[in-house]
Every structure is written in structure tokens, then in C-alpha cells.
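Shown next, in C-alpha cells, is the structure this report addresses.
What's counted below: heavy atoms across the whole structure, side chains too, no hydrogens, waters or symmetry copies. Letters A, B, ... are given to chains in the order of the sequence lines, protein chains preceding strands, and every chain is numbered from 1.
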Amino acid sequence: MSTLPAPPTGSSGDPVGEVIVDWYAGAARDLPWRAPGTDPWAVLVSEVMLQQTPVARVEPVWREWLARWPTPAAMAQASPAEVIRAWGKLGYPRRALRLREAAVAVTERHGGLVPAEVEELEALPGVGTYTARAVSCFGHHRRQPVVDTNVRRVVARLVHAQAEAAPARAADLTDIAALAPEDHDRAVRFSVAVMELGALVCVAGTPRCPACPVRDRCAWRLAGSPAYDGPPRRVQGFAGTDRQVRGRLLDVLRAASEPVPAEALTPVWDDAVQRSRCLDSLLVDGLVAQTEDGRFTLPD
DNA sequence: AATCCGTGGAG
DNA sequence: TCTCCAAGGAT
């Protein structure tokens with residue numbers, strides 16, 4: 001994907017939304033959850049897995065999950081331990097728990113069918129503003145503005161002449177809706193097309209403007225591509241954090257075939273206070289359970 | 001509203 | 001090596 005051909009920029013009369021949809025037709029990645037006929041449950045699984053996790057890491061796990069749990073009803077019968085293990089090392093394993101809880105809710109409240117309405121989707125565990133609209137649009141083909149970090153970045157540059165996206169805000173939805181084509185099917189495709197543009201061309205690091213189909217109408221470029229001038233953004237650290245410790249603890253329990261005594265968890269982190277705090281938080285989160293004899297395990 | 005929640009590839 | 005960051009959500 002490093003050598004996308006420079007596309008024509010489109011006649012200046014074409015609305016940018018139409019141009020982006022046309023670009024998508026030739027540039028889109030062939031991702032399995034985009035195959036025609038992919039059902040809303042499969043889309044929901046992909047969207048939750050893709051939260052803060054790169055496409056390449058999601059693909060194989062997504063295939064395994066859909067083969068094993070092809071419907072919400074199937075997943076609703078799985079245990080937390082099963083889904084935590086199947087989640088593997090995608091990261092943020094609470095997502096696995098919530099996806100299972102969402103499957104239970106869909107089975108109980110929606111007759112086993114993933115709903116199409118944003119309001120109902122947002123009521124599901126682990127489903128927020130972005131994921132609800134993504135499932136409604138990509139899974140049910142509803143006309144729906146969908147805003148993720150890619151879309152916010154594209155709009156920041158293309159419309160607002162800003163180098164980077166500001167934090168999410170409610171107006172993001174109306175910003176992108178204003179650019180969507182009138183035709184229903186093209187509007188649906190537009191939602192995924194803008195995300196793809198942000199993922200492949202209008203990227204966070206150094207944008208590939210020569211490959212951009214709307215480069216000649218990008219407000220940021222027209223302004224001379226000014227550098228980011230907002231407040232400094234903090235990048236989350238990892239080494240030494242509770243996240244790292246929790247990850248190591250869970251790693252041991254995922255690999256264990258039986259409950260393990262506390263001593264087996266000692267080697268993963270020297271600081272006993274932090275280790276204990278993290279184990280407690282995993283228990284609170286429902287990612288770890290304790291047996292009657294005090295050993296630790298993934299919850300059944 | 002700011003912070004927390006994993007992991008690993010890329011530059 | 002080290003920094004950045006990848007289809008967010010919950011609190």
C-alpha cells in the first residue's frame with residue numbers, strides 16, 4: 001500500500017463526498033468483514049476488535065471468533081474464560097467481556113438479532129458513539145454518519161485546515177454528514193470511504209497527499225500545510241504502568257490449565273503493592289476469579 | 001473532562 | 001532506542 005497511484009483529483013465541480021466514494025472503489029483494502037453479505041453480528045465483532053487495535057492483528061482472531069461463535073446466541077453461551085482466551089493478545093481484554101455481555105443482551109432483548117437503531121446499539125455494553133453508527137451503517141446499510149479517529153483527522157484537514165484532529169465532539173457528526181452524497185448507497189459507502197482515506201492516505205504521521213483524491217480541495221493544503229499548533233498532547237506511557245502489570249498477570253492465567261496459587265504470580269512483577277493492586281482490579285473487572293481455596297483463574 | 005484500560009509494529 | 005499510535009469506551 002506504499003505506492004498508491006496518484007488518482008485524478010476530479011473535476012472541481014464534483015462534491016468532495018462523491019470524489020471520495022469513487023476513490024474508495026479503486027483503493028479500498030479487501031478486508032474480510034467488508035465482504036458482501038457480512039451480517040451485523042460479524043460487523044459488530046470486527047468493530048469492537050478494531051477499537052484501538054490495528055487491522056492486521058484483528059483479522060485472524062476475527063475469523064476464529066466468527067467460526068466458533070457465528071451468532072450472538074452462540075457467544076451468549078460461552079464462558080468469560082473462553083472469550084478471554086480466544087481474545088488472545090488483542091489488548092484491552094475488557095472488550096472481550098463486554099462483547100460477550102452484548103451478545104447476551106442481543107439474545108435476550110432483541111431476539112438474537114443485532115439491532116439496526118443507533119439508540120439500541122448504544123445501549124449495548126462496549127458499544128459507544130462510533131461503534132453503534134458503524135454497525136448500523138456497515139452492518140445494516142443504514143445511512144449514518146460514522147466518526148472515528150481517521151474521520152476526525154480527515155475533516156480537520158480537509159474542512160478546518162488543521163494539521164491534527166481535535167478531541168471528539170458532537171459536531172463531528174454534522175461535519176461529516178454535510179459532506180455525504182445524497183444517494184443512499186453512496187452515502188453508506190462514503191462513511192467507510194472517509195475512514196479508509198484516513199487510514200491509507202490522510203494518515204497521522206506524514207500524510208500521503210500526492211495520493212489523495214481531494215488534495216486540490218484540502219483546506220489544510222490550501223493554507224500551506226501549517227504545522228500543528230494546539231496544546232501538546234500526552235502520549236500514554238506503558239512501561240511500569242498498571243496496564244503492563246495487568247497484562248502480565250492475565251498472560252499467566254490465560255496460559256494456565258488450572259487455577260494458580262498467588263506465588264505463581266509473584267515473578268511477573270517485583271513491586272508487591274502494585275502487583276496486588278492490579279490483581280484486585282482484574283477481579284473487580286471480572287477478568288479474574290478466585291477459587292474457594294484462594295487460587296486465581298479466569299472466570300467460568 | 002481527564003484518565004485509565006494492552007499490545008506490538010513502524011519509523 | 002524511543003516515541004508514536006492503531007476502526008474507542010467507561011468512568
*Please measure how far the P atom in B:dG8 lies from the corresponding atom in C:dG9, and state the result in whole Å.*
23 Å
*Rounded to whole angstrom units, what separation is found between the CZ atom of A:Arg169 and the P atom of B:dA1?*
14 Å
*Report, as yes or no, whether the 6.0 Å neighbourhood of atom CZ on A:Arg234 holds more than 12 heavy atoms from other residues, nucleotides or ligands.*
no
*Per-nucleotide protein contact string for nucleotides 6-11 of chain C (B base, S sugar-phosphate only, - none; heavy atom under 4.0 Å)*: BBBSS-
*asked:* Using a heavy-atom cut-off of 4.0 Å across all strands, would you classify A:Asp285 as base, sugar-phosphate, or nothing?
replied: nothing
_Separation of atom CZ in A:Phe238 from atom P in B:dG8, rounded to whole Å_ = 8 Å
*May I ask you to check whether A:Trp69 and A:Trp41 place their ring centres under 6.0 Å from each other?*
no
*May I ask you to decide if A:Ala166's main-chain N or O and A:Arg152's side chain share a donor-acceptor pair within less than 3.5 Å?*
yes
_Distance check needed: B:dC5 C1' versus A:Leu283 CG, whole Å only._
16 Å
*Will you find, in the side chains of A:Asp185 and A:His141, an N or O donor that is under 3.5 Å from an N or O acceptor?*
no
*Could you state the atom-to-atom distance from CZ of A:Arg243 to C1' of B:dG8 in whole Å?*
13 Å
*Rounded to whole angstrom units, what separation is found between the CZ atom of A:Arg234 and the P atom of C:dT3?*
14 Å
*asked:* Using a 4.0 Å heavy-atom cut-off, does A:Leu250 contact any base of the nucleic acid, only the sugar-phosphate backbone, or nothing at all?
replied: nothing
*Measure from NZ on A:Lys89 to P on B:dG8 and round the result to the nearest Å.*
4 Å
*Would one find more than 12 heavy atoms of other residues, nucleotides or ligands at under 6.0 Å from atom CG of A:Asp270?*
no
*Using a cut-off of 4.0 Å on non-hydrogen atoms, how would the nucleic acid contact of A:Pro167 be classed: base, sugar-phosphate, or nothing?*
nothing
_Any donor-acceptor pair under 3.5 Å linking the side-chain atoms of A:Trp220 with those of A:Gln162?_
no
*Quickly work out the A:Gln244 CD to B:dG8 C1' distance and round it to whole Å.*
13 Å
*Would you tell me whether A:Thr53 and A:Arg95 have side-chain atoms, one donor and one acceptor, within less than 3.5 Å of each other?*
yes
*If we take the P atom in both B:dG11 and C:dA7, what is their distance in whole Å?*
14 Å
*asked:* What's A:Arg277 touching, base or sugar-phosphate or nothing? Going by heavy atoms closer than 4.0 Å.
replied: nothing
